[in-house]
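Keep in mind it's a predicted model, so treat the numbers as computed, not measured. When a residue number appears, it is its place in the shown sequence, counting from 1.
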Amino acid sequence: QVQLVESGGGLVQTGGSLRLSCAASVRTFSNYAMGWFRQAPGKEREFAAAISWSGGSTYYADSVKGRFTISRDNGKNTVYLQMNSLKPEDTAVYYCAAKRHGIGWSSGSEYAYWGQGTQVTVSS
């Protein structure tokens with residue numbers, strides 16, 4: 001069983017930055033690839049970013065590429081999402097997710113474990 005707890009959300013102005021963290025309660029964090037997804041009000045959940053087990057490969061949605069950076073610290077059992085140049089359309093609840101296996105990265109069905117989410121609000 002993997003427990004994931006997100007933190008770092010909040011209210012920020014357009015153009016600002018936030019760093020989200022997701023702490024995992026698991027024996028071997030490096031056994032899990034990690035992803036960040038987001039869900040805006042009235043919209044479906046969408047993929048934002050993912051990182052491989054070792055951190056050597058990263059993947060981004062086109063909407064966040066160049067502005068968001070995903071990283072992980074396997075020694076701290078934590079994955080991060082650095083979000084820069086934030087826009088009002090980035091407003092959403094952000095969820096981290098974990099998976100053991102699989103070759104896909106952007107489908108939520110690939111991930112077996114999910115956090116409770118953290119709210120990010122970008123004001124215009």
Which distance, rounded to the nearest 0.5 Å, do you find between the CD of Q116 and the SG of C96?
10.0 Å
Tightest non-hydrogen contact, residues W53 and R100, listed as NE1-O, 3.0 Å
Do the charged groups of K87 and D90 touch, with an N to O distance under 4.0 Å?
no
For the hydrophobic clusters of this structure (ILVMFWY residues joined by side-chain heavy atoms under 4.5 Å, transitively), does one cluster hold both F47 and L4?
no
Under a 4.5 Å cut-off applied to non-hydrogen side-chain atoms, are V122 and E89 in contact?
no
Quick one: are the ring centres of F37 and Y95 less than 6.0 Å apart?
no
So do the side chains of F29 and K76 get within less than 4.5 Å of each other, counting heavy atoms only?
no
Below 4.5 Å, heavy atoms only, C-beta onward: do Y113 and Y32 meet side chain to side chain?
yes
Would you give the length of the straight line joining atom CZ of R72 to atom CG of N77, rounded to the nearest 0.5 angstrom?
9.0 Å
From E110 atom CD to I103 atom CD1, the distance as rounded to the nearest 0.5 Å:
7.5 Å
Counting only heavy atoms not in Q3, do more than 12 sit closer than 6.0 Å to its CD atom?
no
State, to 0.1 Å, how close W105 and S52 come at their nearest heavy-atom pair, and which atoms those are.
CH2-CA, 3.7 Å
Heavy-atom check, side chain of R38 versus side chain of R45, under 4.5 Å:
no
Cationic tip of K99 above Y111 ring, under 6.0 Å, 45° of axis:
yes
Could you give the distance from CE (M34) to CG (N74), rounded to the nearest 0.5 Å?
10.0 Å
N/O donor-acceptor pairs under 3.5 Å from side chains in residues 11-28, not counting sequence neighbours:
{"residue": "T14", "atom": "OG1", "partner": "S123", "partner atom": "O", "Å": "2.7"}
{"residue": "S17", "atom": "OG", "partner": "N84", "partner atom": "OD1", "Å": "2.9"}

Quick one: are the ring centres of W36 and F68 less than 6.0 Å apart?
no
Is any side-chain heavy atom of Y60 closer than 4.5 Å to a side-chain heavy atom of I70?
yes
Rounded to the nearest 0.5 Å, what's the gap from CD on Q119 to CD on Q39? Could you check?
11.0 Å
Heavy atoms only: give me the nearest V93-G117 pair and the separation to one decimal.
CG1-CA, 3.8 Å
